[in-house]
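A short write-up of the structure that comes next.
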Amino acid sequence: MSGQQINPDDALYVDMYIAKNSQTMTFIRSSYSAILGLAAGTLGLTNWSGFIFYFLGSAFLSLLIFLVKAKGNPSPYFRQPLDVFTEGVLGGMLSYILFWTLLYGIIHVYD
Amino acid sequence: MGAWTVLQERQAMLLDPAIRDWVLIPIMIVMVLVGIVRHQVTVLLNGTPKKADLKSARETKALQRGGILRAHGTHLPEHAFEARKTFLSDAFEKGTYEKDPNASSKPKGNVMQDPAYVETMMDGMKKNMMNIIPQTVIMAWINFFFSGFVLIKLPFPLTIRFKSMLQRGIETSDMDVSWVSSLSWYFLNLFGLQSVFTLILGSGHAADAMRDMQAMSTMGMGAAAGPQMGPTGQPADMHKIFLSEKENLDLTEHEWGLENVEMRVLVKYGKLPRSVLVDYKKAKSLGSASSQSASSPSSASAQIAAAASSSPAVTAGKKKGRRQV
Amino acid sequence: MATSSRRTAAVSSLSWRACISVLLLALLASTVLALEEAQKGVIDWHHKWIGTPHLTAPQRTVRGSNTVFVATDKNTVAALRAKSGELVWRQVLSKDETVHDIRAVGGNLLTLSGTSQFHARLLDAKTGQPLWDFSPAGEGSIPELNFGQAVTVTSEDSNLIILNQGRHVRKIGSKSGMESWHWKAEEGSATTYFSVLEAKGFGNHEHVVYVMGLTRGVAAFQLEIVALDSQNGNVIKSFNARSSISTFEDVLTLGGGSNGKNGYIAWLENDNLKVLTLGTDKITQTSLKSFQAEISSFGDLVSKLDFVSLRLPEGHTEFLLSGTVGEYHDARSSGLFDIDEKTGRAEALFDFGERTGFSTYSATTKPGTDEVVVLRAFRGDSDIGVLELVDVNTRETTLQQQIPLEYETFAHFTFASLELFSKGQGVQTRVYFSTSDGSFHAYSDIESERWYREESLAYIKDVEFVDLPERKLWTQDVNEAGHQKSSRNVTIVERYLERLSSHVLQLKSLPAFLISYANPSSLFTKAPVAVDYSEVQIGAANRTIPSLYRDQFGLRKILVFSTDKGKMVAVDSGSKGQIVWSRYFGYGHDIKDVVVVRQANVRLPPVLAVIAETVDGGKNRVTRMYRLNALTGEDFRSNNFFFPSSAWIPAGYVATFKVPIEDPDEKTHVLVLVDDRMHITTFPSTDPVQQAFKAFSDDFYFLLKNKIGAKQLKGFKPIVTADTDRMDVEPTWTLPFPEGEEIVAFAERPSYEVMASLGRVLGDRGVLYKYQNPNYATVITVNKKPSHGGAAPYLTVYLVDVVTGTILHQATHENVGLNRPILATQYENNVVYTFWSEGDSSTSSKGYQAISLELYESRVRNQRNKDESFTSFAGELPHIISQAFPFPYTPTAIGVTSTKAGISAKDILFGLSRQSVMSVNKRYLDPRRPIGPPSASDKEEMLMPYSALSDDPRMFLSYDLEVAGVKKIVTAPTMLESTTIVVAYGQDLFVTRHAPSKTFDLLNEDFSKSQLMLTMVVLTAVMFVTGPMMQKKMLKELWY
Amino acid sequence: MTIAHKAYLKPLLHAAKYPTVAVNGVLLAEQGSNKVVDAVPFFHFWNSLTPMLEVAMTQVDLYSKANGLRIIGYYEANERVDNEALSLVGQKIADQILKVEPEAFALVVKNENISSEEIAYIPYQYKEGQWRANKSAFSSPAFALENGSSPSLVVKSIREGLFDKLSDFDNHLENVQADWLANKDIVA
Amino acid sequence: MVNAAKLLQDLRASAERKPDVVVRLGKPLIDSGAVMKLDADAWLVYEQVAIAALDVGDDVLAHKCIQALEAKFPGSARVNRLNGMKFEAVGKLTEAAAIYKAILEEDETNVLAAKRQVMLLRAMGLPTDAISALVKYLDINYTDFEGWLQLADLYLEELMYGQAAFCMEEVLMLQSQNHIFHLKYAEILYTQENYQLALKQFCRVIELCKDHVRGLYGIKLCTSRLLKSAPSKDATATSQEDLKAIDLLATERLIAVYSANGAASTKSISTKWIECL
């Protein structure tokens, strides 16, 4: 309703770049989760182990980004520093499940 | 769920490899293809953003203006804000900015005769079509082609509720729900492939998005939209809209974002304890009208956060010379 | 569909409904037709067997017959194509219609049959349909005695004179089947007539029919002959020939055949051969000793001689005498005799000498002449049989033919029939013969016209399914073949490398696969077409069986049948049931059980254990065990000393159990044999096995002697005595049934059973937990004539826990129909049984009833007994839901489908008296089917409202085939969960594949890959078209 | 009034560095002599706002005092090529200087002459109450180049991209390392 | 080559204006024709290079680019505008004007053309006309903050600080995050001698961009002024102690900055300056 207080942080971010970053994130995430899925399928993980695997995997990825890309300080690249760990995780989940199922099926269901 | 999963021991079944070769993989391929084609066709179908005439552009911009004032007025000092507020509100009232100021007086004609409206309507329909048709078609296709057998086993359990849906056409009650028929494979693809699409089309796509964004931010282009549409797609009565906007404006209390800027700066440089800000907030919220108090805690924390994080490097890097003639 | 609904939307709801229903019906019909057309003979095959012939009648002899008529001990009369042996037609008579005699009359076939009800039928030679059926009411035949039925053809008007029941003589028009006259011996006479013969009359009597009979005297029988006027059947005279005859076999009727010729009757009376010329009282007598002059081999007879009938047509007087010789009673000598017309005295013609083993004789006349030729068939050595022809006139052997006839598979001749016919100048010989293994053969001068039918398959007793070994890359075999391999700890890396290498090897087949995936021919798949075949080809020596490897889905198996005849026949379920191997276990082998002790695995062949009972010289029962290689039928010889290919126990057989212990060396399952000394023997009986079994034996309970007709049920368990390796069984409990009840049906859980789910999900997502007792059995008893209360016989069903003997459930059905089949089957927590209900006034109507029981752990949903693993001693009683359904047909056999993981729905399979196999989905026999209108949750559970069984043609697995006398239905799982192999046998053998809940794991043949490919191609094309267009468009939008 | 090469060079470099915008600065002469020895470039963002101007002026003042110099004049180069008028702002600033230095003057860069042999300045002087362009100033002895070949040299140094080394107050404010006062890198 | 394209794209993305760089990167691309490799982007590169070329006055290159674009998109307004710009560059302003006019007749909402037109007027040295045109333009395309900036500059040239301030306010609403705008606004305020507000704005600048020297100077100025002047009565005004604190802070920061990195001379001067305030 009424004009919100100024959040000085906004100043630090250019929407364009934020968008770009998050896009890159999703890009990485989706490809990575697809690969994760393939791996999980090949390993024949099932039930929780599969999901845990995914979350561990994506956590690892986030860590990589966090350490290597963001040099341990994500705030320059994301509105919330936590975005590194959250962004696109659930989105990736779906494709993870898809590929997980696919390879699990091909390898462990069909002969 | 519990009860059911207890029931199901691990069920091993051999499936005909032909199913894999001729159904599992083909469906995936087809879905990908369809996805791509659909994307292309949608791009082809949705009409070029049609040139709005000055008036309507002005109209919409004016409305935006109101909105912006409400949203970002906080950056303005008191006097500037008030001046604009008064100006806009009576401009809206008078309908200075409306396409044809006497529109409200003349009776509403059949919307269908408004070409702009019809066109936008068509666009919307086209888009919907592009979303709905392929899906329904594929679904029907799959139901028709690949029914009556199990396609794959999901590596995770599902509740019995899904059984009727996922095992349509399989005439046994004892089969574990995680064995699913082609339809559910289709759904899996439908959701799972989204990110794959961003990979396939994505790059080009993203670039597009970037380009558009840039175009907007620099050239103020693209914002030339058609006439204001109500949620129903009815070209709403502009005058009403303006009036409501005016009311919003009138309701807006100005709150200046720089009131305590010095304090903030001091805090930022650690000259003052962070608590000061909070106290300030309290004092303010006590002092001022209750309408502010709603927004205050959030902003308080925001400021604290603000004070907390600071990274000149980035801004300096990205801000350099964002001017263009 | 859509159009119709739209159209009908306007019309009134009623017509709408009609419309839809019509539409649906149409759909259904079409599908059904499609189904029948597509499936019949593709996935199923059907052998029509007739049994082992004991009577033949060539259609016509002069120029050779196209078809030969046979009658078998399966009460079947059939016509076989003489050249090929294929079945032209057959008449399967009811169980009590033993065929006494068949005879070609004017090109058609006359049969005399029936025990309780006598039938004389004239069957059409082409179709086998009866032209007329003469069955005098209330007249049967003499029970347990093939005696007292005879027929002869009058010479002048070629009508029939038929004797039956040893008392009635009738003249019947061969065209019409009308009785022209009827003579019967007066009630209560001690005379049994056994033969009728037309022969030269006496005095002024021209047309005389002599009726020969034996009158029971104090010590022996006396001959009595009645002469009837063949015109009107009046008694002319009745003679009484002075004679004392010990057995029926010692009498023979000869000659006659027209009122011009003499008829004779010859009999053996203490060391004398007497001959009476009919119409006179002249009796000649020759001492058998005197024949030794001509027939030297009679010299050292060790038994009395007896007649061997040559089944010559009337008018011929040659006959055969044979007796056992040699100190070992193992040889017979026989001589050919004739009766001199003038003297009426028998004289020896030819000495067949003495032969060890059996000899079978048959005789016929040379075409166009009256000269008699006698056939003698006997076994030469272990793999040839000899056919010997003797010309009576020249009194010398005209032919001595050796034919291949392995003893291992056929053993001896049991019946032979000679047929001579002229072909061009020469004379053609054709010999039909049965062998002791039950098969029926034909020998002919022409190589191509020799054939044989494996008729032993009409006597199937039991079947075992043998999976074929799998073709695989060795890298994988080693993993799965030997447990030792996996137990030996191979490092991950090794494993990985192995796997890798195997994959690399598999890569070789990749291009082929791709090609198959791409090549157009594979795209256009046509539904496979049924190929026709005959039972003869099945056994044909020059058959071609595709190499014995498992197919992709394990649909192809070897069916090993054990038969009543003591023969084992292995049949390829895939290629129309061609015989893979067959093996005959010598005389007196009563095959009790066949067990697959080792399924095929990549390295080692599958092994069968055959348990049979024989009787040795001292009349002691001996149990024998053989181990065969299931792929070849030969003895399975392992180099291991402890594994002899055969073994025996000096005691009678009681039961065999395949226990879940595996012998470490051979990877064979251990067999446990219980003999009538109540001892247990294990096969093999090496120490480790013994130890293992002793460990296992603590919780090993079983039933014994649960024979039909038993009055009680006994539970046993092994008692391991510490000292020796000998183990005994002791009864743990006994369950005597109430007075007058005896077991009529018995069912145990199928040998192969996997429970897919522990419970049943109700409409409201609640769960009823299945009763999981693995060792309960179903016993059905009948009290035929209850002493107390209503005299109507009643039936009781007991569900008994085999371990403790507790009765889990008991139900009684009043006034059931006796001597109607009562069947029961059980699986998982279901029991289904059928019986005939005479119907009591109130509730049920007359007819067959199918009762379905379901056992649950408790009546309360979502409640199960505490401990996960079931134990019988907990003694929880199941909660039982039951429902009765009227069953529209007469069931003769019952079975239930079994699939690999038990996931697919169960079908109850019925063999029906209408010669077909029917499958009823359990959903129809679901006791939870709501009687009233179904409630919401019922709908959710997809329960159909209660109704009688619909007869949907799709329920008949055997389409319109005539599967004769289905006695048992056995099923075996395949690797495809959806599919089970159904074997129905009795007289016929019907094997098919069945998917109770459709083949949900198989891509149906009519799946059009071409369309799929097309779709993909089109899409790709579109993509490549629209792609650039889109690019342009986007540029345009950017720049204009 | 003679203009040393450095003084001549810097403004032009300043203009060359920011060809598309207006730039300005001040000229320094030695105490007690008419030799314009140096120039100090001020702004290229915007030059019409006082605060930074104040700062700049005072600092330059301090600087010149420290180095025995005095602010003698003001220069500017217009955004538009053909615009050779002294802008309003320019006049104001010039006035300020005039208050202190009676013979203060202003130079407006003659854009088209920058890359030619011509002298690239139009001097303005305060006559009868307003600033007048003195077209012929350089021909008259009133103004003279200390080094006659300055223009050609300038062209040369612009070609060499010498202007990259030049930094003005705006640069300085963005990065305090930039030595806007002395611009030592620019050697005459 | 490729990374050149990449760089160009980045430049496009962050609308930085480095004509020389662009030309240096773009020229080889275009001359070698390698530009066509990046298909859709090629035309953007052309446009970019064209503009840059115009800026650095490489008319040949510009012409080449525009030629290529015209060949590809005949009659495209966007390309036409480039033509216009070319004319401008070579000073044929009237032709340019004609072109823009044509475009606008074609499509009256063509923002680019409209803006170019304004710039043209300005270039023609008709500030007042430019202003009026721009006002008209902004009345329609309100959200175009660049327009407002332009207007502000125009006003400044005319020393009409009030109007300029107004424009900057608009800009601030549209682009509240850019400290430069705040700075400009602050300086305008200062020029208007509204030191109170100016101070706050300068503070804002510092808040947005730490240790922004210009901002610090600004603060310093304001505080010194305010401190000198009598403490004002009104409530919103900064309290004296705050003023002092801020003043102190500014000083401290300035010194810090200079001592951190700053040429000796400038440092001494600035310190002197600070002292003598």
Side-chain angles (χ1 to χ4, degrees), chain D residues 16-22 40 43 45-67 78-85 87-92 111-112 115 161 163-164 167 169-185, chain E residues 17 19-20 55-57 91 93 122-125 152-153 155-161 164 180 183-184 186-193 195 198 202 211-222 225 254 257-273 275-277:
Chain D
K17 184 172 184 182
Y18 302 101
T20 58
V21 292
V40 178
F43 305 114
F45 277 171
W46 53 75
N47 47 23
S48 50
L49 292 177
T50 45
M52 288 311 121
L53 186 60
E54 280 182 22
V55 178
M57 281 308 236
T58 33
Q59 289 207 4
V60 170
D61 199 29
L62 291 167
Y63 170 76
S64 45
K65 291 229 172 32
N67 305 26
N78 278 315
E79 180 177 1
R80 267 179 31 244
V81 182
D82 57 351
N83 183 354
E84 298 170 356
S87 67
L88 296 173
V89 188
Q91 294 176 23
K92 277 198 162 54
N111 289 324
E112 66 264 26
S115 48
F163 49 77
D164 284 336
S167 51
F169 191 50
D170 277 337
N171 299 124
H172 174 76
L173 288 174
E174 285 197 345
N175 167 16
V176 287
Q177 272 165 330
D179 175 8
W180 61 291
L181 291 165
N183 270 317
K184 302 212 170 44
D185 305 342
Chain E
R17 188 157 184 220
D20 47 348
D55 282 350
V56 299
L93 300 183
R122 192 176 172 185
M124 287 162 145
D153 289 350
Y155 278 130
L156 284 181
E157 276 179 19
E158 303 307 307
L159 308 185
M160 302 161 76
Y161 292 105
I180 300 287
L183 187 68
K184 193 164 189 177
E187 293 195 2
I188 292 173
L189 287 172
Y190 184 92
T191 324
Q192 285 178 296
E193 298 173 351
Y195 303 120
F202 277 121
D211 287 352
H212 190 266
V213 182
R214 208 171 176 127
L216 290 172
Y217 273 118
I219 293 179
K220 200 82 186 82
L221 287 173
C222 298
R225 294 254 182 193
L254 270 175
V257 170
Y258 273 100
S259 48
N261 43 18
S265 62
T266 55
K267 186 174 167 195
S268 61
I269 294 298
S270 54
T271 37
K272 264 206 214 108
W273 177 82
E275 287 152 10
C276 76
L277 262 179

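Residue numbers begin at 1 in each chain, while the letters A, B, ... track the order of the sequences.
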Taking every heavy-atom pair that is under 4.5 Å apart, which of D:Leu62, D:Leu181, D:Asp179, D:Val55 has the most such pairs with chain E?
D:Val55
Can you tell me which portion of D:Ala178 sits under 4.5 Å from chain E's heavy atoms? Options are side chain, backbone, both or neither.
backbone
In terms of heavy-atom proximity below 4.5 Å to chain E, should D:Asn78 be classed as side chain, backbone, both, or neither?
neither
Relative to chain D, which segment of [X] carries a heavy atom at a distance below 4.5 Å: side chain, backbone, both, or neither?
{"X": "E:Ser268", "answer": "neither"}
{"X": "E:Ile269", "answer": "both"}
{"X": "E:Glu157", "answer": "both"}

Separation between CG (E:Asp153) and CZ (D:Phe45), nearest 0.5 Å, reads 12.0 Å
Drop me the distance from E:Leu221's CG to D:Met52's CE, to the nearest 0.5 angstrom.
5.5 Å
Could you report the tightest heavy-atom contact between [X] and [Y], atom names first, then the distance?
{"X": "D:Pro51", "Y": "E:Thr191", "result": "CD-OG1, 3.8 Å"}
{"X": "D:Leu49", "Y": "E:Tyr161", "result": "CD2-CE2, 3.6 Å"}
{"X": "D:Ala66", "Y": "E:Lys272", "result": "CB-NZ, 3.9 Å"}

Check whether any side-chain heavy atom of D:Leu173 sits under 4.5 Å from a side-chain heavy atom of E:Tyr217, and report yes or no.
yes
Is the shortest heavy-atom distance from the side chain of E:Glu193 to the side chain of D:Thr50 under 4.5 Å?
no
Test D:Asp170 against E:Arg214 for side-chain contact (heavy atoms from CB on, under 4.5 Å), laying out the working first.
CA-CA 9 Å; D:Asp170 277 337; E:Arg214 208 171 176 127; 2.5 Å; yes
What I want to find out is whether E:Lys220 reaches D:Glu54 closely enough, with some N-O distance under 4.0 Å, to be called a salt bridge.
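Salt bridge absent between E:Lys220 and D:Glu54.
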